[in-house]
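A short worksheet on the structure shown next.
All values derive from a computational prediction rather than experimental measurement. Throughout, numbering of the chain's residues begins at 1 and tracks the sequence.
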Amino acid sequence: MADGLATSGIQELGTEVLSTTASITNGLSSPLRGFRFTANFDGLGTTSFKEVQGFSTEVEETSYREGGFGYLTVRKLPGLVSYGDLTLTKGLYSNPLLYNFFNDFLEGNNFTPVNATITLYDNAANPTASWSVINAWPKSYQSGDLSADSSEILIETLVLAHEGIKRDVSVAAG
C-alpha cells in the first residue's frame, strides 16, 4: 500500500471468534445473547427493561476536492460524531419511576443530564458486556394504550438523547 494510506486490516482485529482453538471455550466462541441486562442510572438506581434499542454511532463524512494533484477524485475526511437516541421499554408498574424522571425534567426540577451503565449478563449472572451512556436526558415518554378488549401488559417507553455511548471492554476481558 502507498505511504500515508490506511494499512491496518481485519487481521489486526483478532481472530479469537473465528478460531477453532479459542482458549476461552476450547472451540468456537459464542456470540453474546442480549436478553439478560440491567440499566443503572445515576440518581435513579438499577432497573430492568424489556428492550434497550438505539446503540448506534455515526461519523459524518466531509468531502472536498483537493487541487493540484491531477486526481479526479474527492477526498473524504471524518467529521462530527453523532449518537442515536436510546429507547428504553418496560412494563408499566405502580411506581412511576420513568414518568417522574421525564416529568421532573419537563418541569425543570431536574435539568441535569445523567450518566447510565447498561450491563449484559450471562446465564450465571456474570457481567459479559457493559456500555456507559454519557449525559442522557429524557426526550420523550409514552405509556401504553388502555383497552377493555385487551389483557396485554401495559408498556412504557422512555427515549433518551445523549452525548455518547462507550463500550467498557474490561468487562469482557475480566
Side-chain angles (χ1 to χ4, degrees), residues 6 13-14 17 30-64 74-174:
L13 296 177
V17 173
S30 298
L32 300 177
R33 298 177 186 262
F35 63 89
R36 186 171 288 144
F37 55 92
T38 59
N40 184 309
F41 292 88
D42 293 349
L44 295 175
T46 301
T47 189
S48 60
F49 290 91
K50 177 181 179 251
E51 292 179 336
V52 177
Q53 298 174 325
F55 290 92
S56 65
T57 306
E58 185 172 337
V59 180
E60 288 181 13
E61 175 184 296
T62 302
S63 301
Y64 75 98
V74 174
R75 301 286 307 255
K76 297 181 180 184
L77 295 173
L80 296 175
V81 178
S82 61
Y83 300 93
D85 295 338
L86 281 182
T87 302
L88 309 170
T89 306
K90 68 185 306 273
L92 182 69
Y93 291 90
S94 58
N95 180 352
L97 180 70
L98 293 184
Y99 175 78
N100 287 344
F101 177 57
F102 179 70
N103 196 53
D104 285 349
F105 189 79
L106 284 181
E107 294 178 355
N109 297 334
N110 181 14
F111 208 73
T112 304
V114 299
N115 294 325
T117 303
I118 299 168
T119 306
L120 181 67
Y121 299 93
D122 63 12
N123 288 340
N126 298 314
T128 57
S130 178
W131 294 265
S132 296
V133 182
I134 303 162
N135 291 334
W137 52 271
K139 181 176 175 180
S140 70
Y141 173 86
Q142 179 180 353
S143 178
D145 296 332
L146 303 175
S147 172
D149 294 333
S150 175
S151 63
E152 293 180 358
I153 293 175
L154 280 177
I155 300 294
E156 63 180 340
T157 303
L158 180 68
V159 177
L160 299 175
H162 59 90
E163 295 177 3
I165 192 164
K166 300 196 182 293
R167 174 137 182 224
D168 181 1
V169 294
S170 67
V171 172

Measure the [atom1]-[atom2] distance between [X] and [Y] for me, rounded to the nearest 0.5 Å.
X	Y	atom1	atom2	answer
Leu154	Ser147	CG	OG	10.0 Å
Trp131	Leu86	CH2	CG	11.0 Å
Tyr141	Phe101	OH	CZ	13.0 Å
Thr117	Asp168	OG1	CG	8.5 Å
Leu98	Gln142	CG	CD	13.0 Å
Ser130	Ile118	OG	CD1	8.5 Å

Considering all heavy atoms of both residues, which atom of [X] and which atom of [Y] are nearest to each other, and what is their separation?
X	Y	answer
Leu158	Pro138	CD1-CB, 3.9 Å
Val133	Ala136	CG1-CB, 4.0 Å
Thr62	Gly79	OG1-CA, 4.1 Å

Expected output: side-chain Asn135 to main-chain His162 donor-acceptor under 3.5 Å: no
Sidechain-backbone polar pair: Thr128 side chain, Leu120 backbone, donor-acceptor under 3.5 Å: yes
Could you check whether any side-chain heavy atom of [X] comes within less than 4.5 Å of a side-chain heavy atom of [Y], counting everything from C-beta outward?
X	Y	result
Val81	Tyr83	yes
Thr87	Thr157	yes
Glu156	Leu92	yes
Ser132	Ile165	no
Leu160	Trp137	no

Stepwise side-chain contact (heavy atoms from CB on, under 4.5 Å) test for Glu60 and Leu80: CA-CA 5 Å; Glu60 288 181 13; Leu80 296 175; 4.2 Å; yes
Whether over 12 other heavy atoms sit under 6.0 Å from Leu77 CG: yes
Short side-chain donor-acceptor distance under 3.5 Å, Asn40 and Thr46: yes
Between Asn123 and Arg33: side-chain donor-acceptor atoms closer than 3.5 Å: no
Side-chain donor-acceptor pairs under 3.5 Å in residues 48-59, sequence neighbours left out?
residue, atom, partner, partner atom, Å
Glu51, OE1, Gln53, NE2, 3.4
Ser56, OG, Gly84, N, 3.4

Pairs where residues 137-151 contributes a residue and the test salt bridge (charged side-chain N to carboxylate O under 4.0 Å, His left out) is met, not counting sequence neighbours: Asp85-Lys139
Contact list for residues 88-101, test side-chain hydrogen bond (donor to acceptor under 3.5 Å, both in side chains), sequence neighbours left out: none
